Each structure stands twice: as C-alpha cells, then as structure tokens.
2 protein chains.
Amino acid sequence: MNKKVLYKGCLEPILLKLLHENGRMYGYEITRKVKELTVGELNITEGALYPLLHRLEADGVLEAEMENIGNRVRKYYSLTQNGRKEKVKAVSELENFAKTLQLLLNPKPSF
Amino acid sequence: MNKKVLYKGCLEPILLKLLHENGRMYGYEITRKVKELTVGELNITEGALYPLLHRLEADGVLEAEMENIGNRVRKYYSLTQNGRKEKVKAVSELENFAKTLQLLLNPKPSF
DNA sequence: TGATTATATATAAGATTCTTATGTATATTT
DNA sequence: AAATATACATAAGAATCTTATATATAATCA
C-alpha cells in the first residue's frame, strides 16, 4: 500500500474519470475497480468515498439511482451534463499534476 | 498554477530530493528552484515550507547552519545521515505514487 | 527620493481531505 | 456456525496544506 497522504485530492478526478468511462457505477464497485487498476496499490476507504459521492451529487455533478439486487440496495451514480464538464477539468488538472511531478522526479538536464 | 491540494504530501520528498542533489540549500532558494524546475507550475508557500524545515530538523532528518550574507541571515539546510535514508524512502514512495497515477490515467488495456 | 519588488525567515488560524472507527444489513464461502 | 464479501453510511480526529500577517534588508524603478 502506497503512502496515503500523497493521494489527497486525487479521488475526485479518478472517480469522475471512472464514471465517464463506465457510464454508471456504485460505490463498492468503484473501490474494487480502483484496486484492480492499481494492482492493489490504492484502496479507497468508504469514509472518503461515500461523503464525496454525496457531495458531488448535492453539487449536481453526479446523479444517483437506487437499484434492488435481491434484498440489497445498490446506489448507481453517473455524471450529469455538468459532471461531464467537471470531469474534463478535473482529469486535466490531474494529468497536469502528473506531468509536473515528472519534471521534479526526472528534471530535464539544462544545457 | 496547478490545483494545490494535489501536491499535498509531495513537499517533503521533493525537498529531500533537492537537498540530496544540491548538498545544501536555504528556504528561499528551495522555493525558487521548485518554481524553475516546474516551469512556474508549483510555488511553494512559506507557510508550508518553513514549518516543514523546522520539523525535519527537529526529527534529525536535516541539519541547519546560519550564514551571514551582508546584513541578512540565511539558514542553510542539508541532509543528515538519517536524512539520506529518509530521502531514499520518501522519493521511492513518490515515484511509486507517480507510477500508480499513470495506471489510473492510462490504464493498460485488458486483453 | 520614494515606492515597489525581491530576498529572507517566521508563525498562527483556518480549510480541506483524508483515515480510522463504528454501525447496519444481506450474501456467500469455508 | 463462523468468517468473509458485498453494500451503504457517518462521526471524530489527523495531517498537510493555504492564507494572512509580521519583520527586515537589498535592489530596482519611476
């Protein structure tokens, strides 16, 4: 498991990107998908995920629909129209961040 | 300027890496160097930097020496022996983080 | 010459985003 | 029957920043 503090702020863009790619997902599914994509490196905690999902829904970035699976309830989330704009912005910020990190980790030699 | 929250936790490894590469640096110099390396993207604030330098000195990761430049005082920091170990660990964590970010931003296609 | 910007360090209050812990409940595997 | 997996939810507290403020010298600009 990676040093967790480094991931601070990454959850939102990651979430929006996943929802963009998969159409709709529910919370638990998101935690599994992130773990799979990162080969076990990043485990999203419920204490971080659910409050974020609720906040993004309240902000009109996400919309939710409940679905009954047997006796259990799943809450599927998808991007709203505004959410798709937010996704572009958030992912672009994360990409920019990743590039800047590379500049620091592997500086271009100055001739 | 990048979304600042994403950089949370990155300052310490960046700092240790810079001190490793440059031998000794003072606070203001560090802020200029980071700005230069990141082409203006990352501006370290004093409110983040100085308390971190003090904490790392108190923890025996850094050692400081004052130097008089004209009528001004500079505080040069360098890695202690333990600091060099910490540097290896911290930078390796940051590199691992950067790789994991890449997995999320550019997932390997699953065949 | 006076004002602004750059150099240089320092600290305190508050914001944000997480972690950890806890709670509830059903389904599946051992 | 017990443990693990699935599924959602929230509250308290930790960590690391940002923003603002303070102090002081040096250099540049108008």
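Not measured: the values here are computed from a predicted model. In what follows, every chain begins at residue 1, and chains take the letters A, B, ... in the order their sequences are listed.
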Could you tell me the separation between the [atom1] atom of [X] and the [atom2] atom of [N], rounded to a whole number of Å?
X     : N      : atom1 : atom2 : result
A:I30 : D:dA7  : CD1   : P     : 12 Å
A:K3  : D:dA15 : NZ    : P     : 11 Å
A:E67 : D:dA7  : CD    : P     : 12 Å
B:R32 : C:dT9  : CZ    : C1'   : 14 Å
B:L6  : D:dT16 : CG    : C1'   : 14 Å
B:I44 : D:dT19 : CD1   : P     : 14 Å
A:M66 : D:dA9  : CE    : C1'   : 11 Å
A:E12 : C:dT16 : CD    : P     : 13 Å

Does [N] have its OP1 or OP2 closer than 4.0 Å to a side-chain nitrogen or oxygen of [X]?
X     : N      : result
A:Y26 : D:dC8  : no
A:K75 : D:dA9  : yes
A:K4  : C:dT20 : yes

Heavy-atom donor-acceptor pair, [X] side chain to [Y] backbone, under 3.5 Å:
X     : Y      : result
A:S78 : A:G23  : no
B:H20 : B:L16  : no
A:K17 : B:L105 : yes
A:N22 : A:L18  : yes
B:E29 : B:Y26  : yes
B:T80 : B:E63  : no

Choosing from D:dT18, C:dA8, C:dT26, which nucleotide comes nearest the side chain of B:A48?
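In terms of side-chain proximity for B:A48, the closest of D:dT18, C:dA8, C:dT26 is D:dT18.
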
Can you tell which of D:dA26, D:dC17, D:dT10 lies closest to the side chain of B:L11?
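Comparing D:dA26, D:dC17, D:dT10 against the side chain of B:L11, the answer is D:dC17.
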
Base, sugar-phosphate, or nothing: which does [X] touch, judged by heavy atoms less than 4.0 Å apart?
X     : answer
A:G27 : sugar-phosphate
A:I69 : nothing
A:E46 : base
A:G9  : sugar-phosphate
B:K8  : base
B:R72 : base

Can you sort out which residues in residues 52-62 of chain B have a heavy atom within less than 4.0 Å of DNA chain C? Ascending by number, please.
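Those residues are B:H54.
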
List the steps, then state whether side chain to side chain contact (heavy atoms under 4.5 Å, CB included) holds for B:L104 with A:L94.
CA-CA 10 Å; B:L104 289 161; A:L94 187 59; over 6 Å; no

Please compare A:L49 and A:G70 by the position of their nearest nucleotide in DNA chain C and report the one closer to 5'.
A:L49

Aromatic centroids of A:F97 and B:Y7 separated by under 6.0 Å:
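Here the rings of A:F97 and B:Y7 have centres that are less than 6.0 Å from each other.
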
